[in-house]
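Note sheet for the following structure.
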Amino acid sequence: MAVTKDEAAKSAAADSGAATPEGAAAAEAGPDNTAAGSLAASVGLTDADLVEMYRYVALARALDERMWILNRAGRIPFVISGQGHEGAQVGIAWAFKRGHDWIAPFYRSIATCLTFGMSPRDILTAQYATANDPSSGGRQMPGHYGSHEHNLVSVSSPVATQLLHAVGIALAAKVRKTGQVAMTSMGEGSSNQGDVHEGLNFAAIHKLPFIFVVENNGYAISVPMARQVSVANVADRAAAYGIPGFVVDGNDVLACYAAARDAVARARAGEGPTLIEAKVTRLTGHSSDDQQTKYRSEEELAAERERDPVPAFRTQLKEAGVLTDETETRLAAEIKAAVDEATDYAESQSDPDPATALRYVYAEDTE
Amino acid sequence: MAVTKDEAAKSAAADSGAATPEGAAAAEAGPDNTAAGSLAASVGLTDADLVEMYRYVALARALDERMWILNRAGRIPFVISGQGHEGAQVGIAWAFKRGHDWIAPFYRSIATCLTFGMSPRDILTAQYATANDPSSGGRQMPGHYGSHEHNLVSVSSPVATQLLHAVGIALAAKVRKTGQVAMTSMGEGSSNQGDVHEGLNFAAIHKLPFIFVVENNGYAISVPMARQVSVANVADRAAAYGIPGFVVDGNDVLACYAAARDAVARARAGEGPTLIEAKVTRLTGHSSDDQQTKYRSEEELAAERERDPVPAFRTQLKEAGVLTDETETRLAAEIKAAVDEATDYAESQSDPDPATALRYVYAEDTE
Amino acid sequence: MAAKTFIEAIRETLADEMRRDESIIVLGEDVGKKGGVFLATDGLWAEFGDDRVIDTPLTESMIVGASIGAAVNGLRPIAEIQFADFIFPAFNQIVSEAARMRYRSNNGYGVPMVIRAPYGGGVHGALYHSQSVEAFFTHVPGLKVVIPSTPYDARGLLRSSIRDEDPVLFFEHKKMYRSVRGEVPDTDYVVPLGKAAITHPGSQVTVIAYGLMAHYALEAADRVADDGISVEVVDLRTLRPLDTETVLDSVRKTGKCLIVYEDNRFGGYGAEVAAIVAEEAFDYLDGPVTRIAGPEVPGVPYNHALEDWFMVSPEKIEAGIRTLAAY
Amino acid sequence: MAAKTFIEAIRETLADEMRRDESIIVLGEDVGKKGGVFLATDGLWAEFGDDRVIDTPLTESMIVGASIGAAVNGLRPIAEIQFADFIFPAFNQIVSEAARMRYRSNNGYGVPMVIRAPYGGGVHGALYHSQSVEAFFTHVPGLKVVIPSTPYDARGLLRSSIRDEDPVLFFEHKKMYRSVRGEVPDTDYVVPLGKAAITHPGSQVTVIAYGLMAHYALEAADRVADDGISVEVVDLRTLRPLDTETVLDSVRKTGKCLIVYEDNRFGGYGAEVAAIVAEEAFDYLDGPVTRIAGPEVPGVPYNHALEDWFMVSPEKIEAGIRTLAAY
Ligand SMILES: Cc1ncc(C[n+]2csc(CCOP(=O)(O)OP(=O)(O)O)c2C)c(N)n1
Ligand SMILES: Cc1ncc(C[n+]2csc(CCOP(=O)(O)OP(=O)(O)O)c2C)c(N)n1
Ligand SMILES: [Mg+2]
Ligand SMILES: [Mg+2]
């Protein structure tokens, strides 16, 4: 079946390089900085890639922190955060072909969405629910990101439903022979929903190009892992479907990348789905409505703060000599400027017009 | 929490022996026929047990064959059959305490229901949907058995829902400390439903006295195992919940018994759930509405007929000298008489009165 | 132009559309080699193969959820739910996801898909093989709901549903599959969604029905005709969006309205029709807006004596018409 | 006798009943240590422990399905669904199983359980934290559906629901949890299921509502009182079974009926009320049976401008009353 024009364009852009992280890598990578033995080379990337990955991790964190400031300042009523998940999200998303592959994300996927093409403006207009918020035009709560332009499926609230959408996208990719891979991500608590069982079974039977990412932060709101999941690792459940399952340290960005890269390779080769569980930490309450001190001890929270992927990745790149102080300072300044600009922009955008509230319940002017 | 009077009575009866297969065994077993080395002793049963088990297997088959005859004769409009499943059903049900433990069966569970206390009349009045059909008073299709008297949960049509009911029964048993074990059974196709994932996870987290039996006959109507289940054995999925899973040959009645006996022991000891997958065969079409020759070859069907548990069990008991020709002849005659009597009885019972059709939507005269 | 059964019209339309548009796939339980438990998809697997005719595992939520994703990525899935009674495991995917994808993404994504399911009683199906489930979906903005009553409409409406850009639930009364025949042109005609049909013009009483009840309504209309009661029968064909105009025009003309549906009466689809008529045709009513529907028990009981008691029949409709006409 | 908030009345009733009957358990997501996302179960875990207050995994179908089994084996489960919007994964267990167990077993088994869920909009909850889902369940024989509007009724109706022998869906408008206060006696009183209340007697227009809308209806009644429009407000309290008698008595008296509900208008609960009134009070009607309800979009949008547009308000009800009164 023919790939649509729109898609052809997208994936041409993808192949041309510049449009995708992979491409960016290819473009900027010189032979010297892929020298065997270098940190980048150890995962088949370039220093340029690593710096770019760091930029996304730091940008996601900066946007996230800004959201909380705006919330406390009473500018936005609700925040649901990705803090602690950014390393895993960037590392994993980096392995996909932007504008070609598909991701069905969840409410913590800020870093995923940024890496896949959404902008700081896109993220912040969603917080303000402005008329031009590309995710929903102000119709959904913050955290319900989505972008057809970037192959990011619109997030809904009922957890785990998106797994089946990603499986269906992978089915279409296989039937239409588009070469696309579909990924979905969710928390470990959500992975207990029946839809996950039904979807993994079907994807495995048909060897679909599908990747299931579990971002395991140890809690489903207040319910700890031990009361949610009957095994030590969600990845242990991959065997029940005859697919490979891997546990990766969510603070090890490059390990997350490598696991996803291999899974994508298997998927493109027609070898079927993979389950990747990234052990991450939830550095904030479940949302701005949650008081996590009620169910987590101070000691536990202190220990968790030690497992922050942002400083971890920064230190790793610095020690490897990939990230210099100048670059770090430059990036920090660029990021601050971008977040400030996006904040001012979002602040200045108008609310949706109630006169438009009845639109798009159904398709309009279809011939 | 106190066990209710009704339950106390039931389980007293159970303990007293005669009311249960286990009890019957205890009663009739002499030291000689439990002599080490004997077939019965090899599974901790007596020859009397084995003969009684054979009786249930043969009775279930005889009733089932009668159902098809009545269907072809136009006496009953629909049949859904347990032929090929009887050995596994009797072997497994034998391990539970009748009148004390609970079973949530499915539409092929004729032998299970008989072993747990339902009578040939109970089975055949369900086929005729008579007013006094104890399963539903003629309200449900044949195959939807159930009996509060015998702790058999009412069968519905949507598959796999009953797994959660059995899990909830096990939860109540644990909370109320009744010492009961709850079992549910279904086909391998049904085991792909989301409810199964959700229920096994919960039962495993709380180490509930719950046993999941999958009667795997290789087909979900026309869909073969390979297109339904992404792994070779449903039992391979037990590990995904951290519970033991076993595959047993459904034609080896005593192996089925032994697996269930051990699972029941674990459950009573508070060690949690077990998954038992019995490989069985479907000797008939899915139901009287199905033409299986459309999707199964003659060779395959012929081969399947070789895997019939009834002759297999008979031969095994005869070779072991447990079942004599006289006993077999006597049992055959008793069974034929019982099936004939139950048929005449069911034929003679009246249809439900439409004047009663509005009853029991809700409880009546509750104080 | 040959007379075809209801199910032939559906089967041939599926095949025609799959030939016309290679982005259409069919998926569901036993839809492949077996051709569906009612044979609605018989022959499709042989013609279109494994990629486009998929025997799924026994998992309704997956069937619908994966269809949503497939639609998002360029296919037009036609999902079969083996019996309407078994659509409930997919309820969340239909109501929370398929119905809302377009609205919540502000038109970023649409979900062009059809969910076909046999519904209805009178076939000895008991509680779980007889249900009318339309009321659960006609209440949901974002969904369209179609229930044809003739082979001609089945073909024309199924075409429109498959070509529609939004999720359509297409319910087929299983008792009609082989018992109902009718002329079906071989042309590429469509019957537009959202248009009711007046299948029996009349002047004194409007009877509004759909599916099997549309046939029973015609029978009842004939029975009372001899006694000079002139009945106008409106076959809704599409339940959401409802063709309010045709309904109101008829009632404003006759002044009397009887709504017939097979489902449980309380909160069934006919309640909305009654509410609309009662409000918008109030000044024209010469009698109360009345309903003939199923009794308040959870499902159609199995035994024929009980099933007959449950089912709406031409006789019951006839009685309803006579009472209303005499009002 | 102290004034309590709506949620205090619920929390204290749960605790009282659990003290009275040790067969009662509470289960759901975050109902334990956290005490529920709205704190409706706060303190129960500390008092009754792990066995009777269970933090479940994030699996609604399991929560309901296991509750059914627990009820069959001698417990009285009170299941909390964190938001009514998330009840759909459990739809099959509620509609196919809980509602039918007694009927299909010919009274062999009953399912005494309560499913509590916060519902409703006006709280910046957007599409998936604002829904009114009652219409999906009021249509189902075998279920009972309760929506209280005052702390007094919440306590009395929750008691009746917990002590009932059949499955009861108990919906609590989340906007009322802390904003609504009222007198709640410490006695063991119950409010029987199936009885509506006339919360504002009047003679010219009957306004029928429930939940948050019952409050808005009272506000609207006060606003028009100054202009001499006498409104009778009927708070349904139980939606299934419906107290038809109280509803019809009021409309037969006033001759005019306005039905108010927050849910989408088409096929919402009010449609059935309108249909019953239109049929059974026909001869008494001096004006059309009218409805004020939510617009036809799939869920309440988030942005305050859109949410205000969606929500039924006292002003919208007032306008409806004035139009009807002037009819
Ligand atoms: C079907 C459904 N039930 C309940 C909720 C409410 N809810 C939102 S997030 C959440 C916890 C999710 O935990 P997890 O999957 O571990 O993801 P995390 O938030 O920890 O990243 C719950 C219970 C929901 N959104 N959907
Ligand atoms: C939820 C649901 N979907 C579909 C059906 C229709 N149906 C009845 S039995 C069956 C196949 C079941 O296969 P399996 O679980 O392997 O059990 P078996 O019949 O082979 O013993 C199907 C699809 C149903 N009863 N329930
Ligand atoms: Mg988590
Ligand atoms: Mg099978």
Side-chain angles (χ1 to χ4, degrees), chain C residues 60-61 85-96 99-100 102-104 126-128 135-143 239-242 259 263-283 285 287-291 295-299 301 327, chain D residues 60-61 85-96 99-100 102-104 126-128 135-143 239-242 259 263-283 285 287-291 295-299 301 327:
Chain C
E60 288 74 16
S61 189
D85 313 66
F86 305 135
I87 203 168
F88 299 139
F91 201 74
N92 191 43
Q93 285 289 345
I94 297 171
V95 173
S96 301
R100 300 182 187 191
R102 188 181 299 279
Y103 192 77
R104 81 179 186 224
L127 276 76
Y128 298 100
F136 294 114
F137 301 102
T138 49
H139 176 49
V140 180
L143 300 178
L239 276 59
R240 184 179 188 106
L242 168 65
I259 298 150
D263 191 10
N264 305 106
R265 176 189 179 97
F266 194 93
Y269 180 74
E272 178 61 36
V273 179
I276 290 173
V277 169
E279 175 163 3
E280 302 189 24
F282 179 70
D283 295 332
L285 291 174
V289 177
T290 53
R291 293 178 287 166
E296 293 302 305
V297 298
Y327 190 90
Chain D
E60 287 74 15
S61 189
D85 312 65
F86 304 135
I87 202 167
F88 299 140
F91 201 75
N92 192 42
Q93 285 288 347
I94 298 170
V95 173
S96 299
R100 300 182 187 193
R102 187 182 299 278
Y103 192 77
R104 80 179 187 227
L127 275 77
Y128 298 99
F136 294 115
F137 302 101
T138 50
H139 176 49
V140 180
L143 299 179
L239 276 58
R240 184 177 188 108
L242 169 66
I259 297 150
D263 192 11
N264 305 108
R265 174 187 179 99
F266 194 93
Y269 179 75
E272 178 61 36
V273 179
I276 290 173
V277 169
E279 175 163 3
E280 303 189 23
F282 180 70
D283 294 331
L285 290 175
V289 177
T290 53
R291 293 179 287 165
E296 292 302 305
V297 297
Y327 190 89

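Protein chains get the first letters and strands the later ones, always in sequence-line order, with residue 1 at the start of each.
- Counting all heavy atoms, side chain and backbone alike, D/Thr290 lies closest to C/Glu279 at CG2-OE2, 3.5 Å.
- Per-residue counts of heavy-atom pairs under 4.5 Å with chain D were compared for C/Ala274, C/Pro89, C/Gly267; the largest is that of C/Gly267.
- Proximity to chain D (any heavy atom under 4.5 Å) is restricted, for C/Tyr327, to the side chain, taken from C-beta onward.
- In this structure, C/Tyr103 has no ring-ring contact (aromatic ring centres under 6.0 Å, His included) partners at least two apart in sequence or on a different chain.
- The two residues D/Arg265 and C/Glu272 come nearest to each other via the heavy atoms O-OE1, 3.5 Å.
- With a threshold of 4.5 angstrom between heavy atoms, C/Arg102 does not approach chain D through any atom at all.
- Of the listed residues C/Gly299, C/Gly142, C/Ala278, C/Ser96, the one with more heavy-atom pairs under 4.5 angstrom with chain D than any other is C/Ser96.
- Using bins of under 30°, 30° to 60° and over 60° for the plane-to-plane angle, the ring pair C/Phe136/D/Phe91 lands in the perpendicular bin.
- Rounded to the nearest 0.5 Å, atoms CG (C/Leu285) and CZ (D/Phe282) are 5.5 Å apart.
- Between chain C and the options D/Gly268, D/Pro295, D/Gly287, the largest number of non-hydrogen pairs under 4.5 Å is found for D/Gly287.
- At a 4.5 Å heavy-atom cutoff, the contact between C/Ala135 and chain D is made by side-chain atoms alone.
- Put simply, NE2 on D/His139 and CG on C/Asp263 are 3.5 Å apart, with the number rounded to the nearest 0.5 Å.
- Contact detail for C/Leu127 and D/Arg104: the closest heavy-atom pair is CD2-CB, 3.8 Å.
- With sequence neighbours excluded, no residue satisfies salt bridge (charged side-chain N to carboxylate O under 4.0 Å, His left out) with C/Arg100.
- By the 4.5 Å heavy-atom criterion applied to side chains, C/Phe266 and D/Ile276 are counted as neighbours.
- Note: C/Val297 leads C/Val297, C/Ile87, C/Thr138 in heavy-atom pairs under 4.5 Å with chain D.
- Residue contact with chain C, scored on non-hydrogen atoms closer than 4.5 Å, involves the side chain of D/Tyr269 exclusively.
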